[in-house]
K.L.:
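Sharing a structure with you now.
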Amino acid sequence: MRAKGMERWSTYEPFYVVLGDKRVADIVITNHAKARYNDRIESGNNQNDGIAEWMWECLKEHRMIPYYRNEQDVYLIDEDLVVVAEFAEIDGEYDITGNSLHKMIVVTYLGRMSETIELRDLKSYYSWLRHTRRMTLIKNSRKRK
């Protein structure tokens, strides 16, 4: 995902994008994230390269922000699309000042807040999901006895 264009000769143009305290130099889309993207964001058979390229543009244009201030796993794109991502250091790759570079691993796309109202408060949404799953397990265990 390295940006190849340079404005002038002898000008250093970084090949990473800063997101919080991370320097993102590469984007990896998991199979689960690809399936969720095709289901929830844009229907069609989008390939990993196309999704990663779109994510890279969002990063470069600073359209991706953390969902919560202290949360480092959940991000918003265009203040609507909720994305879960993890970061891993890239071994042996550093910027010009010696800081390590990171690979962004997109875990899943939760959906758009404009379409799924529950995504507006993720903490209550996750607690609701845990509760409903727990109640389903309790009901199923009652049936078996």
Side-chain angles (χ1 to χ4, degrees), residues 1-140:
M1 300 301 3
R2 303 178 193 285
K4 294 181 176 114
M6 305 242 338
E7 297 294 321
R8 309 180 297 203
W9 286 94
S10 75
T11 302
Y12 174 74
E13 186 168 315
F15 54 88
Y16 62 87
V17 178
V18 176
L19 181 64
D21 62 341
K22 309 283 191 247
R23 288 165 180 76
V24 179
D26 197 10
I27 298 175
V28 176
I29 308 293
T30 62
N31 289 333
H32 178 73
K34 179 184 171 189
R36 290 295 177 112
Y37 183 87
N38 288 328
D39 289 344
R40 297 180 178 186
I41 311 306
E42 187 176 323
S43 61
N45 193 8
N46 293 310
Q47 298 300 320
N48 288 353
D49 292 342
I51 299 170
E53 189 175 308
W54 173 73
M55 290 285 295
W56 187 252
E57 289 301 317
C58 291
L59 278 171
K60 284 186 355 184
E61 295 169 0
H62 303 290
R63 294 170 31 204
M64 193 168 179
I65 58 172
Y67 187 87
Y68 293 115
R69 274 186 228 136
N70 298 330
E71 189 71 37
Q72 301 244 342
D73 292 342
V74 183
Y75 293 91
L76 283 176
I77 297 177
D78 297 329
E79 297 182 5
D80 188 33
L81 178 61
V82 183
V83 178
V84 178
E86 295 176 350
F87 296 91
E89 285 189 15
I90 302 174
D91 294 334
E93 297 232 9
Y94 304 96
D95 66 357
I96 201 166
T97 58
N99 298 317
S100 61
L101 298 178
H102 294 86
K103 169 181 12 180
M104 174 191 270
I105 303 165
V106 179
V107 178
T108 189
Y109 294 93
L110 295 178
R112 296 187 185 277
M113 286 194 300
S114 58
E115 295 171 3
T116 310
I117 296 170
E118 293 87 5
L119 292 175
R120 293 191 181 167
D121 186 12
L122 269 186
K123 290 180 181 174
S124 64
Y125 177 65
Y126 279 133
S127 68
W128 173 78
L129 274 179
R130 276 192 301 275
H131 176 73
T132 57
R133 285 186 185 142
R134 188 171 58 238
M135 295 309 287
T136 303
L137 289 172
I138 289 171
K139 286 180 189 175
N140 288 342

K.L.:
So how far is it from Ile51 CD1 to Glu42 CD, rounded to the nearest 0.5 Å?
P.N.:
8.5 Å
K.L.:
If you round to the nearest 0.5 Å, how far is OG1 of Thr108 from CG of Asn31?
P.N.:
12.0 Å
K.L.:
With sequence neighbours excluded, tell me which residues meet salt bridge (Lys or Arg N to Asp or Glu O under 4.0 Å) with Arg23.
P.N.:
Asp95
K.L.:
Could you grab the distance from atom OG1 of Thr30 to atom CZ of Arg36, nearest 0.5 Å is fine?
P.N.:
10.0 Å
K.L.:
Mind checking the CG-CD1 spacing from Asp78 to Ile65? Nearest 0.5 Å is all I need.
P.N.:
9.5 Å
K.L.:
Describe, in one word, how the ring planes of His102 and Phe87 are oriented to each other, choosing from parallel (under 30°), tilted (30 to 60°) and perpendicular (over 60°).
P.N.:
perpendicular
K.L.:
Before you tell me yes or no, could you show the steps for Leu76 and Met113 under side chain to side chain contact (heavy atoms under 4.5 Å, CB included), namely the whole-Å CA-CA distance, both residues' side-chain angles and the distance that decides it to 0.1 Å?
P.N.:
CA-CA 9 Å; Leu76 283 176; Met113 286 194 300; 3.8 Å; yes
K.L.:
Apply salt bridge (Lys or Arg N to Asp or Glu O under 4.0 Å) to Arg112 and list each qualifying residue two or more places apart in sequence or on a separate chain.
P.N.:
Asp80
K.L.:
Can you find a heavy atom in the side chain of Val17 that is under 4.5 Å from one in the side chain of Met64?
P.N.:
no
K.L.:
Side chains of Leu19 and Tyr75: closer than 4.5 Å at any heavy-atom pair?
P.N.:
yes
K.L.:
Any side-chain heavy atom of Leu59 within less than 4.5 Å of one from Ile27?
P.N.:
yes
K.L.:
With rounding to the nearest 0.5 Å, note down the distance linking CG in Leu81 to CD1 in Ile41.
P.N.:
4.0 Å
K.L.:
Just verifying a value: how many Å separate Lys22 NZ and Asn99 CG, rounded to the nearest 0.5 Å?
P.N.:
12.0 Å
K.L.:
Set out, in order, the CA-CA distance, both residues' side-chain angles and the distance that settles side chain to side chain contact (heavy atoms under 4.5 Å, CB included) for Val24 and Trp56, then state yes or no.
P.N.:
CA-CA 9 Å; Val24 179; Trp56 187 252; 4.2 Å; yes
K.L.:
Under the salt bridge (Lys or Arg N to Asp or Glu O under 4.0 Å) test, which residues partner Glu61, sequence neighbours left out?
P.N.:
Arg63
K.L.:
Please examine the side chains of Tyr16 and Ile90, heavy atoms only from C-beta on, and report whether any two atoms are closer than 4.5 Å.
P.N.:
no
K.L.:
So, do Glu93 and Phe15 sit near enough that their side-chain heavy atoms are less than 4.5 Å apart?
P.N.:
yes
